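Okay, structure first, notes after.
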There are 2 protein chains.
Amino acid sequence: MSYTYEHPRPSVAVDLVVLTIVDSELKVLLIRRGEPPFEGERALPGGFLRTEPEPGEDLEQAAQRELQEETGLPPGAVFLDQLGAFGRADRDPRTRVISVAWYALVRPTLAPFVKAGGDAAGVEWAAVEGTQGLAFDHDAILAAAVRRVREDLERRPLAFELVPETFTIGELRHVFDVIHGQAEDKGNFRRRFLRMVDEGLLEQASGQRRTGRRPARVYRFVGAQRAPRR
Amino acid sequence: MSYTYEHPRPSVAVDLVVLTIVDSELKVLLIRRGEPPFEGERALPGGFLRTEPEPGEDLEQAAQRELQEETGLPPGAVFLDQLGAFGRADRDPRTRVISVAWYALVRPTLAPFVKAGGDAAGVEWAAVEGTQGLAFDHDAILAAAVRRVREDLERRPLAFELVPETFTIGELRHVFDVIHGQAEDKGNFRRRFLRMVDEGLLEQASGQRRTGRRPARVYRFVGAQRAPRR
DNA sequence: TCAAAAGTGTTTCTCGTACACCCATGT
DNA sequence: ACATGGGTGTACGAGAAACACTTTTGA
């Protein structure tokens with residue numbers, strides 16, 4: 001309760017769970033740590049909040065900055081929302097660190113550009129399934145992110161962040177299939193989808209997609225704002 | 001990206017949005033600040049994360065500790081979950097502070113004991129509606145908490161945290177009415193409720209409640225775990 | 001006896017679910 | 001021609017929504 005500012009302070013880090021879908025798999029962006037602690041091991045990308053020059057950057061700014069540094073993608077091209085704060089006392093063996101974790105969704109069309117732009121040596125897209133043994137408490141953060149995306153997928157327009165700007169019904173359904181780990185019924189998904197169209201959330205775009213089989217109509221997301229709620 | 005530990009560190013605070021229902025109104029626990037900044041103004045209860053002795057306390061521990069200090073209620077009697085981190089650079093005029101906010105739900109039966117137990121001078125239950133002008137960014141934190149509770153009420157067993165251990169259907173419906181600001185249909189709510197009973201989430205308790213009118217059956221929540229997901 | 005809340009029933013509509021089937025295209 | 005995914009139809013059931021009605025109590 002003592003509301004004084006004189007006391008030792010923890011470090012505040014910002015960590016990112018950057019997700020995309022490649023080859024029908026949910027992937028997460030991991031780095032290989034180049035320094036202790038956990039040197040040589042894999043971890044989520046992240047960094048410390050800058051507090052200089054006073055008063056420093058907003059938490060959200062810090063997350064956006066890290067995201068940009070780590071992916072090389074233009075700001076605004078990637079969906080970003082806060083996951084929460086992770087603050088187990090022993091999560092960093094060296095000193096006290098609070099991590100504010102964020103999750104980001106990268107369109108598959110942009111994913112290939114990420115490795116090129118990243119500064120860190122060992123940046124890679126790793127399959128989420130089977131990923132384990134990350135540094136710090138990053139296993140737990142990753143798990144929380146996946147749970148969160150799975151839940152939010154149902155009630156917020158997240159899926160549109162994992163397809164190209166224009167997309168077919170099949171492509172969108174594929175996002176759900178991958179994230180939920182099971183196939184949706186084609187016809188039922190289509191109906192749900194078309195309902196969104198005449199609610200005005202989606203509109204048919206011009207052109208069509210020729211992807212091997214029968215060409216499909218393409219749509220575009222126009223619903224309200226894609227921004228998070230905060 | 002520089003993953004070094006040598007840099008100025010922000011303070012980390014833990015703030016609480018403690019909610020209850022009294023007199024058919026959603027109430028939030030507020031304190032009157034006794035020192036700068038914002039001396040004399042109202043604010044959410046909270047305090048700084050303790051990092052001594054090394055490595056200090058977990059974030060969740062800190063929240064529980066504050067909750068206990070502020071309400072005087074026994075630990076475990078109150079539902080607590082994390083809201084998120086609030087870190088606008090200018091949120092504290094004096095120095096850089098990151099706030100990790102939590103929301104708590106106090107049963108109406110316990111609410112009256114809170115003022116007695118609190119140490120701070122000006123602890124009060126204030127109606128959420130119309131509350132404004134809180135210190136720091138606490139208006140925003142409060143708004144986020146209310147939005148979150150409204151959403152979670154639908155898909156997690158939150159309502160049971162705002163009734164006595166045993167409760168009538170009407171009492172539970174009242175929670176929804178107050179939080180959503182509009183009355184549910186009696187019959188429809190009842191059906192939803194009874195569905196939970198034969199799903200095993202609720203069980204009829206012994207006895208009945210005599211509260212003025214016709215006595216009502218009382219129920220008890222037995223569903224899985226009440227704990228948050230983290 | 002009257003108001004108020006408990007408790008019950010009914011009807012309509014929407015949506016999720018499961019499944020069957022046709023259509024257009026590249027190989 | 002045939003496999004593949006796009007596109008369409010149908011039928012059932014659970015649940016949301018709106019509303020009317022009976023029952024039990026205290027005042």
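Naming: A, B, ... by sequence-line order, numbering from 1 per chain. Being a predicted model, the structure only gives us computed values, none of them experimental.
Sorted by first and then second residue, the pairs that involve residues 19-29 of chain A and meet salt bridge (Lys or Arg N to Asp or Glu O under 4.0 Å), not counting sequence neighbours, are A:Glu25-A:Lys27.
With sequence neighbours excluded, the residues forming a side chain to side chain donor-acceptor pair (under 3.5 Å) with B:Glu184 are B:Arg192, listed by chain and number. Remark: B:Asp137 engages B:Arg91 in a salt bridge (charged side-chain N to carboxylate O under 4.0 Å, His left out) (not counting sequence neighbours). Listed by chain and number, the residues in a side chain to side chain donor-acceptor pair (under 3.5 Å) with A:Arg220 are A:Glu203 (sequence neighbours excluded). Considering only residues two or more places apart in sequence or on other chains, B:Arg190 meets the salt bridge (charged side-chain N to carboxylate O under 4.0 Å, His left out) condition with none of them. In terms of the side chain to side chain donor-acceptor pair (under 3.5 Å) criterion, A:Thr131 has no residue partners (sequence neighbours excluded). Residues meeting the ring-ring contact (aromatic ring centres under 6.0 Å, His included) test with B:Phe160, sequence neighbours left out: B:Phe167, B:Phe221. Not a single side chain to side chain donor-acceptor pair (under 3.5 Å) links A:Gln64 to another residue, sequence neighbours left out. Checked against salt bridge (charged side-chain N to carboxylate O under 4.0 Å, His left out), B:Arg217 has no partners two or more places apart in sequence or in another chain.
On the nucleic acid side, DNA chain D has its first and last nucleotide under 4.0 Å of a heavy atom of chain A at D:dT4 to D:dT10, going 5' to 3'. Protein chain A touches strand DNA chain C; the 5'-most and 3'-most nucleotides with an atom under 4.0 angstrom of its non-hydrogen atoms are C:dC15 to C:dG26.
Sequence order on DNA chain D of the closest nucleotides to A:Arg214 and B:Arg213 puts A:Arg214 first from the 5' end.
Using a 4.0 Å cutoff on non-hydrogen atoms, the parts of residues 176-191 of chain B near DNA chain D are B:Asp185, B:Asn188, B:Arg191, ordered by number.
Using a 4.0 Å heavy-atom distance criterion, A:Arg209 is classed as making no nucleic acid contact.
Between B:Phe86 and B:Phe136, a ring centre-to-centre spacing not shorter than 6.0 Å is recorded.
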